[in-house]
Amino acid sequence: MHFMAVNGLTLHISDSGDGGNPAKPVLVFANSLGTDFRIWDRVVARLGDSFRIVRYDKRGHGLSDLGTPPYVMDDHVGDLSALLDALSIDNAILCGLSVGGLIAQGLYIRRPALVRGLILCDTAHKIGDDRLWNDRIAAVEAAGIESLAEGIMERWFTKALRGDPVELAGWRNMLTRTPAGGYAGTSAAIRDTDFTEAAKAIAVPTLCLVGEEDGATPPALMQELTALIPGARCAVIAGAGHLPCIEQPQAVSDHILSFTQEAGLA
């Protein structure tokens, strides 16, 4: 367990795999709404010693501070930017899932020299519309995240995982124990973010990954994002919903390894 002071907040982070070799490529993971960095455990376990791996709980999630919600996307982008500076990382591969993918795009827009490559998982250039996010924020403020949990589980996971009551309960606990302010505050940041034009200017190797059964950012939306980014390619992962890193970690890690090797990033 590792904590760092970033932008006046305490962030919970994991920094592993360096092994004293500063030449190792750095792979930074950014999480989705309502999750913490444990969603990447099964992927990290399969990546071996190929990377220095940094994970963190964004503000309002996991063991990190809440800050002052509602947030704007630049709050999350600024946190990641400052975290990389604090860790003396100036050349990273970013892997972001859902809002984490927006944060990764935002960091490239803000500080392109920091970013060697992008792996954008189950995300988009714009996710949802004002009505969707305003309704979700209102529901959380009125009745808590628990009131949305069943629908979220259906978007996150395939029927196969939802058929395992023990595992489903564990991931549901992670969601519902997220601070309501962090969930609603990040929802506001997603609502107000549109990178449609900015995505066209991305000029680093980019891989888009999406679960075949993703109910939040479905394959058609990910293919729209892929088409915006020059030279990007998209892979659809069978047997996965919105969180392929949980349901299909081998496929995700295989795609990461092959992409980074083929692009000369690792």
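Predicted, not measured: the structure shown is a model, and the values here were computed from it.
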Going only through I, L, V, M, F, W and Y residues with side-chain contacts under 4.5 Å, is there a path from [X] to [Y]?
| X | Y | answer |
| --- | --- | --- |
| Ile119 | Val44 | yes |
| Leu33 | Val140 | yes |
| Leu9 | Leu66 | no |

Checklist entry - Can you tell which of Glu154, Glu150, Glu167, Glu146 makes a salt bridge (Lys or Arg N to Asp or Glu O under 4.0 Å) with Arg172? => result Glu146

How many angstroms lie between atom [atom1] of [X] and atom [atom2] of [Y], to the nearest 0.5 angstrom?
| X | Y | atom1 | atom2 | answer |
| --- | --- | --- | --- | --- |
| Ile103 | Leu120 | CD1 | CG | 12.0 Å |
| Tyr71 | Ile190 | OH | CD1 | 12.0 Å |
| Met153 | Leu148 | CE | CG | 10.5 Å |

Checklist entry - Does a side-chain heavy-atom distance below 4.5 Å link Leu161 with Leu168? => result yes

Checklist entry - With a 4.0 Å cut-off, would you call Arg177 and Asp36 a salt bridge? => result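 Result for this pair is no, no salt bridge flagged.
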
Next on the checklist: For Trp156 and Ile246: C-alpha separation, side-chain torsions, deciding distance, then whether side chain to side chain contact (heavy atoms under 4.5 Å, CB included) applies.
Outcome noted: CA-CA 10 Å; Trp156 276 11; Ile246 291 174; over 6 Å; no

Checklist entry - Near Asp49 CG, under 6.0 Å, is it more than 12 heavy atoms from other residues, nucleotides or ligands? => result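 No, not enclosed.
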
Next on the checklist: Counting only heavy atoms from other residues, nucleotides and ligands, does the tally under 6.0 Å from CZ of Arg38 exceed 12?
Outcome noted: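 For Arg38, atom CZ is not crowded (no more than 12 foreign heavy atoms under 6.0 Å).
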
Item to check | Exercise: identify the closest heavy-atom pair between Ser32 and Lys58 | outcome: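 Scanning both residues completely, I find the closest heavy atoms to be O-NZ, 2.6 Å.
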
Checklist entry - Which word best sums up how the rings of Trp171 and Phe157 line up, parallel for under 30°, tilted for 30 to 60°, or perpendicular for over 60°? => result tilted

Checklist entry - With distance as the sole test, does Gln248 use its side chain to make a donor-acceptor pair with the main-chain N or O of Gly239 at under 3.5 Å? => result yes

Next on the checklist: Do Ser187 and Arg136 pair up side chain to side chain, a donor and an acceptor below 3.5 Å, judged on atom types alone?
Outcome noted: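 No, no side-chain donor-acceptor contact under 3.5 Å.
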
